[in-house]
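Reviewing the structure listed below.
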Amino acid sequence: MRLEERINQVSSFSNIEYVLLEYIISAKSKVIHMQAAELAQDTYTSPASVTRLSQKLGFSGFNEFKFFLKQEVNERKTNHNHPSKGWFALGL
């Protein structure tokens, strides 16, 4: 399941969570190397908000969320490097 699918499964987010999600989606490759405090600082939120968002998306905490993101980023890189895989194979 991709991040966007997990987001769509949640019924509502707070304004702070939207700020975090927007940043995370736009900078996945950067976020996977950050600590919760760094992400909070970059988004003018709190580390607790980062953790709560991670849990709301179904993860035990931010580290598990980062692991998920890292897998997604690596999968996209792999699919990008091998056009015969993924949606490229469908001719889309």
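Nothing here was measured: the structure is a model prediction, and the numbers come from that model.
- Salt-bridge formation is not detected for the pair K28/E22: no Lys NZ or Arg NE/NH1/NH2 atom is positioned less than 4.0 Å from an Asp or Glu carboxylate oxygen.
- Contact of the R6 side chain with the F59 side chain is registered, since non-hydrogen atoms from C-beta on lie closer than 4.5 Å.
- Each of F67 and I32 belongs to its own hydrophobic cluster when Ile, Leu, Val, Met, Phe, Trp and Tyr are linked at side-chain heavy-atom distances under 4.5 angstrom.
- The minimum heavy-atom distance linking P47 with A37 is given by the pair CG-CA, 3.9 Å.
- Rounding to the nearest 0.5 Å places CG of L20 at 8.0 Å from OG of S14.
- Side-chain contact between I25 and E4: present, with at least one pair of heavy atoms (C-beta onward) separated by less than 4.5 Å.
- Other residues, nucleotides and ligands place no more than 12 heavy atoms under 6.0 Å from the CG atom of N15.
- Across S46 and A40, no two heavy atoms sit closer than the pair C-CB, 3.3 Å.
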Go through it in stages, so that I can follow the logic: the residues are F13 and L53, the test is side-chain contact (heavy atoms from CB on, under 4.5 Å), and I'd like the CA-CA distance, side-chain angles, deciding distance and then a yes or no. CA-CA 9 Å; F13 292 101; L53 175 63; 3.9 Å; yes
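- Scanning both residues, M34 and K66, for their nearest heavy atoms gives O-NZ, 2.7 Å.
- For the pair T43 and L39, the tightest heavy-atom approach, listed with the atom from each and the gap, is OG1-O, 2.8 Å.
- Using a 4.5 Å cut-off on side-chain heavy atoms (C-beta onward), F68 and L57 make no contact.
- With F62 as the aromatic partner, R52 does not meet the cation-pi criteria of under 6.0 angstrom to the ring centre and within 45 degrees of the ring axis.
- Criterion: ILVMFWY side-chain heavy atoms under 4.5 Å apart, direct or through other members. Under it, V50 and Y18 are part of a common hydrophobic cluster.
- Proximity of Q41 to Q35: side-chain heavy atoms (C-beta onward) are nowhere separated by under 4.5 Å.
- To the nearest 0.5 Å, the span separating CD on E5 from CD on Q9 amounts to 7.5 Å.
- Atom NZ of K70 sits in a sparse spot, with 12 or fewer heavy atoms from other residues, nucleotides or ligands closer than 6.0 Å.
- In this structure, V19 is not a member of the same hydrophobic cluster as L21, with clusters built from ILVMFWY side-chain heavy atoms closer than 4.5 Å.
- D42 places a side-chain heavy atom less than 4.5 Å from the side chain of K30.
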